[in-house]
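Taking it in order: structure first as structure tokens, then the write-up.
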Amino acid sequence: MQKFKKIAFWCLVGFAIIQFIPVDKVNKPVNQSKNFVNVKKTPPKVVGLLKNACYDCHSDETVYPKYAYIAPFSWSIKSHVNDGRKYLNFSVWETYNNDLKHKMLTRAIEMVDNKMMPMPAYIIYHEEANLSTNERRLLNVYFQEVLDSKKY
């Protein structure tokens, strides 16, 4: 029993110490003239879906939940956000070349269609991101329209 108390004590000390390891959760300023929804004059319904299901990881407009301030969850969440922004960042849409925009939209359609995005783990804590079949279809139809227009 004494050994268990020591292990529990040192685990708590370790947990307390890791809370002091900072994680940068400051979003970059968003230039609205480069933001996907403004540039493409996206319909309000699609904007709502993008903001609820995509923008926390795929933009510089991330809204961090309360649990994102507790290590080690904060590390995992920041890693997911960094990865999401690396693959597609709607906030800097106009900085991408046309080939990259085409690939990103094509990949987005595939990911939404196959229910790989939003990530299942994200949906657990963000009910509004749990897209219905019709909402997924609406997003994909919109992305396909942008692709077909060739005006990325």
query = Residues in salt bridge (charged side-chain N to carboxylate O under 4.0 Å, His left out) with Arg136, at least two apart?
reply = none
query = Any side chain to side chain donor-acceptor pair (under 3.5 Å) pairs touching residues 108-121, not counting sequence neighbours?
reply = Arg107-Glu110
task = With sequence neighbours left out, write down each residue that passes side-chain hydrogen bond (donor to acceptor under 3.5 Å, both in side chains) with Glu128, or none if nothing qualifies.
result = none
key: Lys40: partners by salt bridge (charged side-chain N to carboxylate O under 4.0 Å, His left out), with sequence neighbours left out   = none
message = Can you give me the closest heavy-atom contact between Arg85 and Tyr96, atom names plus distance?
response = O-OH, 4.2 Å
ask   = For Leu100, does its backbone N or O pair with a side-chain atom of Asn97 as donor and acceptor, under 3.5 Å?
value = yes
query = Which pairs, with at least one residue in residues 9-38 and sequence neighbours excluded, count as a salt bridge (charged side-chain N to carboxylate O under 4.0 Å, His left out)?
reply = none
inquiry  = Does anything in residues 2-22 form a side chain to side chain donor-acceptor pair (under 3.5 Å)? List the pairs, not counting sequence neighbours.
reply    = none
query = Between CD1 of Ile70 and OH of Tyr67, what distance do you get to the nearest 0.5 Å?
reply = 10.5 Å
ask   = Mind checking whether Phe36 and Phe143 have parallel, tilted or perpendicular rings, split at 30° and 60°?
value = perpendicular
task = Applying side-chain hydrogen bond (donor to acceptor under 3.5 Å, both in side chains), name anything that partners Asn31, two or more places apart in sequence or on another chain.
result = Ser33
ask   = Residues two or more places apart in sequence or in another chain: which of them pass side-chain hydrogen bond (donor to acceptor under 3.5 Å, both in side chains) with Tyr152?
value = none
task = Could you list who else is in Met111's hydrophobic cluster, with ILVMFWY side chains joined at under 4.5 Å, directly or through other members?
result = Met116, Met117, Met119, Tyr122
message = For a 4.5 angstrom cut-off between non-hydrogen side-chain atoms, does Leu50 reach Val46?
response = yes
message = I'd like to check the side-chain hydrogen bond (donor to acceptor under 3.5 Å, both in side chains) partners of Glu145; sequence neighbours left out, ordered by chain and number.
response = none
query = Who are the ring pair (Phe, Tyr, Trp, His ring centres under 6.0 Å) partners of Phe9, not counting sequence neighbours?
reply = none
Connected-component partners of Leu12 among ILVMFWY, side-chain separation under 4.5 Å = none
